[in-house]
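Taking it in order: structure first as structure tokens, then the write-up.
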Amino acid sequence: GSLSLHLVRRDNDASVRELLNSKLAPDGYGIASPPDGAATGRGFYVRTNDNLSAEQVAAISSFHAPPKSLLMLMPSFAGGQQAFTPCFIDQQPELTNMVVERAWTMRGAQAWWSVGIQLGRDDKLAYREITARHCPHGSQNNDSETGRELAVLMDNRILAVFTVPGTVFDGRLFIDR
């Protein structure tokens, strides 16, 4: 599959909150609240129709998305049911068609599972530049103590979102689920 990295919009949390508070959901989805005691406190979508047409699926990416942005639905589980967390990302990827040199799975203490990915040489260098720009106080994030969020997509489906902790020199990234 095709692996890519996209920046999560800086206003993602506010945009998602506005979407959910306005009771807006794409065709085939409904809004659910997190179960009592959920750590995130965020709402999410649940599927109300498992038989979406190709047109309905394609329309999700533009559903209330700001210009040059896409709405992605990140699958997860909440309250024993499949859930989808809305996430607005930049339409233009930071890195696309990433070459994976090696991948491995791990069982994490706090995650159900993790996948480690070692990028190929050229992508390793590009990834280092991306993380340098978007880490805390990076050249495109110099006014923030917190790194920017990056979304990992495979075949145009969001797998994970992570915060850039600092410049990553070794070309490794991890997807926790």
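Numbers here are sequence positions counted from 1. Only a predicted model underlies this, so the values are computations on that prediction, with no experimental measurement involved. Side chains included, hydrogens not; waters and symmetry mates left out as well; all remaining heavy atoms used.
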Quiz item: Under 3.5 Å, side chain of Ser61 to main-chain N/O of Ala58, donor-acceptor pair present?
Solution: yes
Quiz prompt | Exercise: do His137 and Glu145 side chains pair donor with acceptor under 3.5 Å | solution = yes
Practice problem: Go through Gln82 and Arg47 one step at a time and tell me if the side-chain contact (heavy atoms from CB on, under 4.5 Å) criterion holds. | Solution: CA-CA 8 Å; Gln82 186 172 27; Arg47 264 201 195 118; 3.9 Å; yes
Practice problem: Could I get the full list of side-chain hydrogen bond (donor to acceptor under 3.5 Å, both in side chains) partners for Arg10, not counting sequence neighbours? | Solution: Asn141
Exercise. Could you tell me which non-hydrogen atom of Leu24 sits nearest to which non-hydrogen atom of Ile31, and how far apart they are?
Key: N-CD1, 3.6 Å
Quiz item: Do Leu5 and Val115 belong together in a cluster built from hydrophobic side chains that touch within less than 4.5 Å?
Solution: yes
Exercise. Please examine the side chains of Leu153 and Ile89, heavy atoms only from C-beta on, and report whether any two atoms are closer than 4.5 Å.
Key: yes
Quiz item: Any idea which heavy atoms bring Met154 and Leu3 closest together, and the distance?
Solution: CB-CD1, 4.1 Å
Exercise. Give a yes or no answer on whether the side chain of Arg148 reaches the backbone of Val8 with a donor-acceptor pair at less than 3.5 Å.
Key: yes
Exercise. Evaluate the criterion side-chain contact (heavy atoms from CB on, under 4.5 Å) for residue pair Phe44 and Leu73; output intermediate values, then yes/no.
Key: CA-CA 9 Å; Phe44 51 87; Leu73 302 180; over 6 Å; no
Practice problem: Determine the minimum heavy-atom distance between Ile175 and Ala160, stating which atoms define it. | Solution: CG2-CB, 3.5 Å
Quiz prompt | Separation between CD of Glu129 and NE2 of His134, rounded to the nearest 0.5 Å | solution = 10.5 Å
Quiz item: How many angstroms lie between CE in Met98 and CG in Leu119, if you round to the nearest 0.5 Å?
Solution: 4.5 Å
Quiz item: Is Leu173 linked to Val161 within one hydrophobic cluster, defined over Ile, Leu, Val, Met, Phe, Trp and Tyr using a side-chain heavy-atom separation of less than 4.5 Å?
Solution: no
Quiz item: What's the shortest heavy-atom distance between Gly166 and Pro136, and which atoms?
Solution: N-CD, 4.3 Å
Quiz prompt | Spatial distance of atom OG1 (Thr167) from atom CD1 (Ile130) [nearest 0.5 Å] | solution = 11.5 Å
Quiz item: When you check the gap from the basic side-chain N to the acidic O, do Glu101 and Arg121 get nearer than 4.0 Å?
Solution: no
Quiz item: Same cluster for Val100 and Phe162 if Ile/Leu/Val/Met/Phe/Trp/Tyr side chains link at under 4.5 Å?
Solution: yes
Quiz item: When Ser69 is tested against each of Arg9, Gln92, His64, Gln91 for side chain to side chain donor-acceptor pair (under 3.5 Å), which residue passes?
Solution: Arg9
Practice problem: Over all heavy atoms of both residues, which pair between Tyr127 and Gly171 is shortest? Give the atoms and the distance, please. | Solution: CD2-CA, 4.1 Å
Quiz item: Would you say the side-chain atoms of Asn97 and Ser2 include a donor-acceptor pair closer than 3.5 Å?
Solution: yes
Exercise. State, with a plain yes or no, whether a side-chain heavy atom of Ser53 is found less than 4.5 Å away from one of Gln56.
Key: yes
Quiz item: Is any side-chain heavy atom of Val164 less than 4.5 Å from a side-chain heavy atom of Leu150?
Solution: yes
Quiz item: So do the side chains of Asp13 and Arg17 get within less than 4.5 Å of each other, counting heavy atoms only?
Solution: yes
Quiz prompt | Ser144 (side chain) donor-acceptor with Thr146 (main chain) under 3.5 angstrom | solution = yes
Practice problem: Verify the neighbour count for atom CG of Asp11: are there more than 12 heavy atoms of other residues, nucleotides or ligands below 6.0 Å? | Solution: yes
Quiz item: Out of curiosity, does Met74 fall in the hydrophobic cluster containing Val46 (side-chain heavy atoms, cut-off under 4.5 Å, transitive links)?
Solution: no
Quiz item: Counting only heavy atoms not in Gln81, do more than 12 fall under 6.0 Å of its CD?
Solution: yes
Practice problem: Check whether any side-chain heavy atom of Ser62 lies under 4.5 Å from a side-chain heavy atom of Leu70, and answer yes or no. | Solution: no
Quiz item: Less than 4.5 Å apart, any side-chain heavy atom of Val168 and any of Arg128?
Solution: no
Practice problem: Would you check if Leu19 and Phe63 make a side-chain contact, meaning some heavy-atom pair closer than 4.5 Å? | Solution: yes
Quiz item: Are Phe84 and Tyr29 near enough that their ring centres are under 6.0 Å apart?
Solution: yes
Quiz item: Are Phe88 and Ile60 linked, directly or through other ILVMFWY residues, by side chains that come within less than 4.5 angstrom of each other?
Solution: yes
Quiz prompt | Heavy-atom donor-acceptor pair, Asp155 side chain to Gly1 backbone, under 3.5 Å | solution = no
Self-check item: Derivation and outcome, side-chain contact (heavy atoms from CB on, under 4.5 Å), residues Trp104 and Gln118
Solution: CA-CA 9 Å; Trp104 61 97; Gln118 175 66 57; 4.0 Å; yes
Exercise. Would you please test Cys87 and Asn12 for side-chain contact (heavy atoms from CB on, under 4.5 Å) and show each step?
Key: CA-CA 7 Å; Cys87 183; Asn12 180 63; 4.2 Å; yes
Quiz item: Counting only N and O atoms by type, is there a donor-acceptor contact under 3.5 Å from the side chain of Ser114 to the main-chain atoms of Met106?
Solution: no
Exercise. Flag the pair Val152 / Ile158 as yes when at least one side-chain heavy-atom distance between them is below 4.5 Å, and no otherwise.
Key: no
Exercise. Could you pull out the closest heavy-atom pair between Gly116 and Phe174, with the gap in Å?
Key: CA-CD2, 3.6 Å
